[in-house]
Amino acid sequence: MEADTPQRTPRHSVRTRCCIVGGGPAGMMLGYLLGRAGVDVVVLEKHADFFRDFRGDTVHPSTLQVMDELGLIDGFLRLPHQRLQTLDGLIGGSKVRIADLRRLHTKYPFIAFMPQWDFLNFLREAGKRFASLKVLMNTEAVDLIRHGEVIAGVRARTPDGIVDIEADLTIACDGRHSTVRERAGLSVEEIGAPMDVLWFRVRRTPDQSENLFARVETGKMMVTFDRGDYWQCAYVIAKGQYDAVKARGLPALLDDVVRMAPILKQGIAEVKSFDDVKLLTVAINRLKRWTRPGLLLIGDAAHAMSPVGGVGVNLAVQDAVATANLLADKLSRGCPTEDELDAVSRRRAFPVKMTQAMQVVVQNNIISGALKGGDRPLKVPLIVRLITALPWFQRIPARFIAIGVRPEHVHSPAAPQSQRRDPVGIMSR
């Protein structure tokens, strides 16, 4: 961000009822829901497209249920994806079953693996039917517009210059490194995580098949996802140890990978340098307060989740559904009060805290112990032994991962076609 950008004089202004900053899962889902309700809404996405590698790409049954309630599920499931119903792993050489989604009483008892850009593009295309929804690509929020203590929109950088987007309500969905959050001065409660993740792909041949999800050994942990023509790999390292891993060299890392997962040996040569290995810095945190007058934060901007369970995308979608349920009707009449905005955090704070607490339990009892290393063989934790031995018990972690705490259902209105209208007017200054 250029230091002087927020002070530049805007060339244009845009007026809308609601400005959503960030075109990720929370932003695009909320934009779709508000557009569907006939609310004038603009979604800002700072990139020219949604094509970002190394983003969460697990769509869980709770999100699939939302897509079903919106009448979008048939088209959505026609997109290329893989399905996962059981989460099996190896801990210290012992095979374990962590969860079995087939035991859930849900319409879609599987996790769909789908590139996030396909998910976001699908929502953008589906939302084009709503005249009240406008998605602005290549538009990056760089500062907030304030009227006294009230947030009145954002100043954004576009290829054509600086634009002021004036809004009754601004909703930040711009991720764990949220610009809006920083500009609003909202404080974050850091919970911490003991690990970071190295993310890379390995070529998969059609004859290769393996349903192992996680591999845990003394001092090492790795997760693999079957993505059709490649294996998506997440190699877990202790927090802050990336430089030490690089110092050992790429061959040493890949040797460890192949020893843990021999099925990767055939395609591992495609990982040619550390340029092919992306470091994902893991964080767990949450805002102490999600609102300011005229401003609401949801999704990763309000609470960063650990990759444990792969639930981050689905928590963001649940936030969006709850926000639309609580605010869509109120937005049709103006800006909700701060207490009405706080209703969103009151609704969503409990599932966020419970999910993060469960992630911390997994971190402390499985991941931290595995990453410590040492000479002693790794033992399967008692709780995992019980889950593996008692099939009915597998429903509990399956529900936590697949459905989550306090799942949301679509109750926001769908405006008739006659009530939909052009969301914004653009005026030169």
Taking only Lys NZ, Arg NE, NH1 and NH2, and the carboxylate oxygens of Asp or Glu, determine whether [X] and [Y] approach each other closer than 4.0 Å.
{"X": "Arg227", "Y": "Asp57", "answer": "yes"}
{"X": "Glu140", "Y": "Arg157", "answer": "yes"}
{"X": "Asp88", "Y": "Arg97", "answer": "yes"}
{"X": "Arg103", "Y": "Asp100", "answer": "yes"}
{"X": "Arg83", "Y": "Asp226", "answer": "no"}

Determine, step by step, whether Arg203 and Asp229 satisfy the side chain to side chain contact (heavy atoms under 4.5 Å, CB included) criterion, reporting the C-alpha distance in whole Å, the side-chain angles of both residues, the deciding distance to 0.1 Å, and the verdict.
CA-CA 6 Å; Arg203 179 174 51 84; Asp229 57 353; over 6 Å; no
[X] side chain near [Y] side chain, heavy-atom distance below 4.5 Å:
{"X": "Asp276", "Y": "Phe200", "result": "no"}
{"X": "Val311", "Y": "Met358", "result": "no"}
{"X": "Ile387", "Y": "Pro397", "result": "yes"}
{"X": "Asn138", "Y": "His47", "result": "no"}
{"X": "Thr355", "Y": "Phe400", "result": "yes"}
{"X": "Ile366", "Y": "Pro381", "result": "yes"}

Let's go through Asp168 and Arg15 carefully: what are the C-alpha distance in whole Å and the side-chain angles of both, what is the deciding distance for salt bridge (Lys or Arg N to Asp or Glu O under 4.0 Å) to 0.1 Å, and is it a yes or a no?
CA-CA 9 Å; Asp168 294 317; Arg15 176 68 194 171; 2.5 Å; yes
Under 3.5 Å: donor-acceptor pair, side chain of [X], backbone of [Y]:
{"X": "Arg286", "Y": "Val188", "value": "no"}
{"X": "Asp256", "Y": "Lys220", "value": "no"}
{"X": "Lys278", "Y": "Asp275", "value": "yes"}
{"X": "Arg155", "Y": "Asp143", "value": "no"}
{"X": "Thr106", "Y": "Pro109", "value": "no"}
{"X": "Asp68", "Y": "Leu64", "value": "no"}
{"X": "Thr16", "Y": "Asp40", "value": "yes"}
{"X": "Gln208", "Y": "Ile263", "value": "yes"}
{"X": "Glu340", "Y": "Cys335", "value": "no"}
{"X": "Asp118", "Y": "Met114", "value": "no"}

Does the pair Asp196 and Lys239 meet the rule for a salt bridge (Lys or Arg N to Asp or Glu O under 4.0 Å), with working shown?
CA-CA 5 Å; Asp196 291 322; Lys239 174 68 69 177; 2.7 Å; yes
Please assess Ile151 against Ile145 for the test side chain to side chain contact (heavy atoms under 4.5 Å, CB included), listing each intermediate value before the final yes or no.
CA-CA 6 Å; Ile151 305 303; Ile145 300 171; over 6 Å; no
Are a donor atom and an acceptor atom from the side chains of [X] and [Y] found within less than 3.5 Å of each other?
{"X": "Trp231", "Y": "Glu210", "value": "no"}
{"X": "Thr63", "Y": "Asn314", "value": "yes"}
{"X": "Thr291", "Y": "Asp342", "value": "yes"}
{"X": "Asp207", "Y": "Thr205", "value": "yes"}
{"X": "His409", "Y": "Glu69", "value": "yes"}
{"X": "His303", "Y": "Asp319", "value": "yes"}
{"X": "Arg215", "Y": "Thr224", "value": "yes"}
{"X": "Arg348", "Y": "Gln318", "value": "no"}

Considering residues at least two apart in sequence or located in another chain, which fulfil the ring-ring contact (aromatic ring centres under 6.0 Å, His included) criterion with [X]?
{"X": "Tyr235", "value": "none"}
{"X": "Phe76", "value": "Phe119, Phe122"}
{"X": "Tyr108", "value": "none"}

Apply salt bridge (Lys or Arg N to Asp or Glu O under 4.0 Å) to the pair Arg347 and Glu408, showing each step before the final yes or no.
CA-CA 10 Å; Arg347 171 78 187 175; Glu408 305 289 349; 2.9 Å; yes
Could you point out which residue of Val197, Val257, Val236 forms a side-chain contact (heavy atoms from CB on, under 4.5 Å) with Met222?
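Among the candidates, only Val257 passes.
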Hey, which of Val42, Leu144, Val14 is the one that makes side-chain contact (heavy atoms from CB on, under 4.5 Å) with Val154?
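Among Val42, Leu144, Val14, the one that satisfies the side-chain contact (heavy atoms from CB on, under 4.5 Å) with Val154 is Leu144.
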More than 12 heavy atoms of other residues, nucleotides or ligands under 6.0 Å from CD of Glu149: is that the case?
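No, not enclosed.
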Locate the shortest heavy-atom distance separating [X] from [Y]; write the atom from each residue and the value.
{"X": "Gly175", "Y": "Arg181", "value": "O-NH1, 4.5 Å"}
{"X": "Leu33", "Y": "Ser412", "value": "CD2-OG, 4.0 Å"}
{"X": "Gly31", "Y": "Leu133", "value": "O-CD1, 3.6 Å"}
{"X": "Pro307", "Y": "Val282", "value": "CD-CG1, 3.5 Å"}
{"X": "Cys18", "Y": "Ile171", "value": "SG-CD1, 3.8 Å"}
{"X": "Gly35", "Y": "Ser132", "value": "O-OG, 3.0 Å"}

Mind running salt bridge (Lys or Arg N to Asp or Glu O under 4.0 Å) on Lys288 and Glu189 for me, showing each step along the way?
CA-CA 6 Å; Lys288 296 177 180 179; Glu189 178 185 356; over 6 Å; no
Met67 vs Met29, side chain to side chain contact (heavy atoms under 4.5 Å, CB included): CA-CA, chis, key distance, verdict:
CA-CA 10 Å; Met67 300 299 280; Met29 177 59 74; 3.8 Å; yes
Between Phe110 and His81, what is the ring plane arrangement, given parallel below 30°, perpendicular above 60°, and tilted in between?
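Parallel: the ring planes of Phe110 and His81 meet at under 30°.
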